[in-house]
Amino acid sequence: MNNKKKSHIGKTVMGISLSLAVAFSGSMLVSPQPAQAASVSESSVADNVIAAGKKLIGVPYNFGAKSGNTNVFDCSSFTQYVFNQNGIDIPRSSQEQSKVGTSVSKKDLQSGDLVFSDTNRDGVINHVAIYMGGDKIIHTYRVGIGVTISDFSGSTWDKTYVTARRVISNGGQDGTVTPQPVPTEPEQPAVEAPEEQQKDTSPSHWKQNRQWGWNYWDNNNDDN
């Protein structure tokens, strides 16, 4: 009788051990799933913005390029386009873009941040680029160069740096967009506005000099 009880107890213990072994092995098979989910989350909005920009490398530069035109870009139509391709609407000009999102210091730049410069050194922002990380920016400037990747530190854009803005929250990891503030001052004409759209009411003897100034600026400005 005792032998039968011992045999029954032994079978019960073996059954429990077998169940635990099966459960443990099953959990080992399932465990890789969280790691896979983590790898998917690394594909951020910022990465997608930069990838969209890289596809346009080599597209020619043209001052005053129209929004949405992918045959030519100036600096701010380029940034506007690649962000728009990822569901983020930003204004047309570099000056307007410098007012949206969250201010970021140069030392805290992250991939996907907008970097603004005053290359004419006249107190007016006239260039915008996208920080890629690794001390690189992607942007467009100057006829003959177009969309390209440049080193940032020590460059003209670094030396004339004004500000940076983050329009993707959390570095783009959660795919959300920082709300854009409503302007509190009258909107200024975009730097990119073609000359012919600006009414010239100056005395006639000024016009020749002004025309020369515009032509010189169009031929020598590297930015918007």
Side-chain angles (χ1 to χ4, degrees), residues 42-98 100-101 104 106 109-121 124-168 171-172 175 177 190-195 214-224:
E42 292 175 1
S43 178
S44 68
V45 175
D47 292 334
N48 292 337
V49 166
I50 291 168
K54 285 181 176 179
K55 292 179 181 179
L56 299 170
I57 287 177
V59 173
Y61 171 87
N62 184 58
F63 175 77
K66 293 182 178 180
S67 295
N69 184 354
T70 58
N71 294 319
V72 292
F73 291 105
D74 64 17
C75 67
S76 54
S77 73
F78 169 71
T79 53
Q80 183 189 48
Y81 178 79
V82 295
F83 274 93
N84 181 262
Q85 291 300 295
N86 288 277
I88 302 173
D89 294 324
I90 58 176
R92 169 63 183 83
S93 75
S94 57
Q95 292 180 41
E96 292 170 331
Q97 290 176 15
S98 70
V100 301
V104 181
K106 190 189 294 188
L109 286 172
Q110 293 181 4
S111 176
D113 288 344
L114 292 170
V115 179
F116 300 90
S117 304
D118 168 21
T119 61
N120 288 337
R121 295 177 171 86
V124 178
I125 288 172
N126 68 339
H127 187 72
V128 58
I130 302 171
Y131 189 71
M132 300 175 64
D135 198 39
K136 301 285 186 181
I137 55 174
I138 184 167
H139 59 156
T140 183
Y141 71 103
R142 190 178 298 171
V143 173
I145 295 179
V147 178
T148 189
I149 294 172
S150 304
D151 293 328
F152 181 61
S153 292
S155 68
T156 297
W157 310 286
D158 178 22
K159 294 175 181 177
T160 60
Y161 169 91
V162 176
T163 187
R165 307 293 292 189
R166 184 165 297 154
V167 295
I168 308 171
V177 181
V191 174
E192 295 81 359
E195 177 189 351
W214 276 107
N215 291 339
Y216 177 85
W217 191 85
D218 283 343
N219 292 329
N220 292 275
N221 183 50
D222 291 342
D223 308 296
N224 279 19

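Keep in mind that this is a model prediction, so the values were computed, not measured.
Atom NE2 of residue His139 and atom OG of residue Ser117 lie 9.0 Å apart, to the nearest 0.5 angstrom. In this structure, CZ on Phe63 lies 11.0 Å from OG on Ser77, to the nearest 0.5 angstrom. In this structure, Gln110 CD and Met132 CE are separated by 15.0 Å, a value rounded to the nearest 0.5 Å. Taking OG1 of Thr148 as the start and CG of Leu56 as the end, the distance is 12.5 Å to the nearest 0.5 Å. Separating the CZ atom in Phe83 from the CZ atom in Phe78 is a distance of 9.5 Å, to the nearest 0.5 Å. In this structure, NZ in Lys136 is found 13.0 Å from CD1 in Ile50, a value given to the nearest 0.5 Å.
Counted by atom type alone, Ser76 and Arg92 present one or more donor-acceptor pairs between their side chains at under 3.5 Å. A donor atom on one side chain and an acceptor atom on the other are found under 3.5 Å apart for Thr79 and Gln97. Judged purely by distance below 3.5 Å, without hydrogens or angles, the side chains of Asp89 and Asn84 pair a donor atom with an acceptor atom. With hydrogens and angles left out, the side-chain atoms of Asp158 and Ser155 include no donor and acceptor closer than 3.5 Å. Counted by atom type alone, Asn126 and Thr119 present one or more donor-acceptor pairs between their side chains at under 3.5 Å. Checked by atom type, the side-chain pair Ser153/Asp135 shows a donor-acceptor distance below 3.5 Å.
Residues Thr140 and Val147 come closest through the heavy atom pair OG1-N, 3.3 Å. Taking each heavy atom of Ser150 and Trp157 in turn, the nearest pair found is CB-CZ3, 3.9 Å. Taking all atoms of both residues into account, the shortest heavy-atom contact from Ile138 to Ile57 is CD1-CG1, 4.4 Å. For Thr156 against Thr160, the heavy-atom pair with the smallest separation is O-OG1, 2.7 Å. Considering all non-hydrogen atoms of both residues, Thr163 and Ser98 come closest at CG2-CB, 4.4 Å. Scanning all heavy atoms of the two residues, the minimum distance from Gln95 to Ile125 falls at CG-O, 3.4 Å.
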Evaluation steps, side-chain hydrogen bond (donor to acceptor under 3.5 Å, both in side chains), between Ser93 and Glu96: CA-CA 5 Å; Ser93 75; Glu96 292 170 331; 3.3 Å; yes
Working for ring pair (Phe, Tyr, Trp, His ring centres under 6.0 Å), residues Tyr161 and Phe116: CA-CA 6 Å; Tyr161 169 91; Phe116 300 90; 8.9 Å; no
Test log, rule side-chain contact (heavy atoms from CB on, under 4.5 Å), inputs Ile88 and Ile168: CA-CA 8 Å; Ile88 302 173; Ile168 308 171; 3.7 Å; yes
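Side-chain atoms of Val128 and Val115, non-hydrogen and from C-beta on, never get closer than 4.5 Å to each other. A heavy-atom distance below 4.5 Å is not found between the side chains of Leu114 and Tyr131. No side-chain heavy atom of Phe73 sits less than 4.5 Å from a side-chain heavy atom of Asn62. By the 4.5 Å heavy-atom criterion applied to side chains, Leu109 and Phe152 are counted as neighbours.
We find that Asp113 and Arg165 are not joined by a salt bridge, their nearest charged nitrogen and carboxylate oxygen being 4.0 Å or further apart.
Residue Lys66 qualifies as open at atom NZ: its count of foreign heavy atoms under 6.0 Å is 12 or below.
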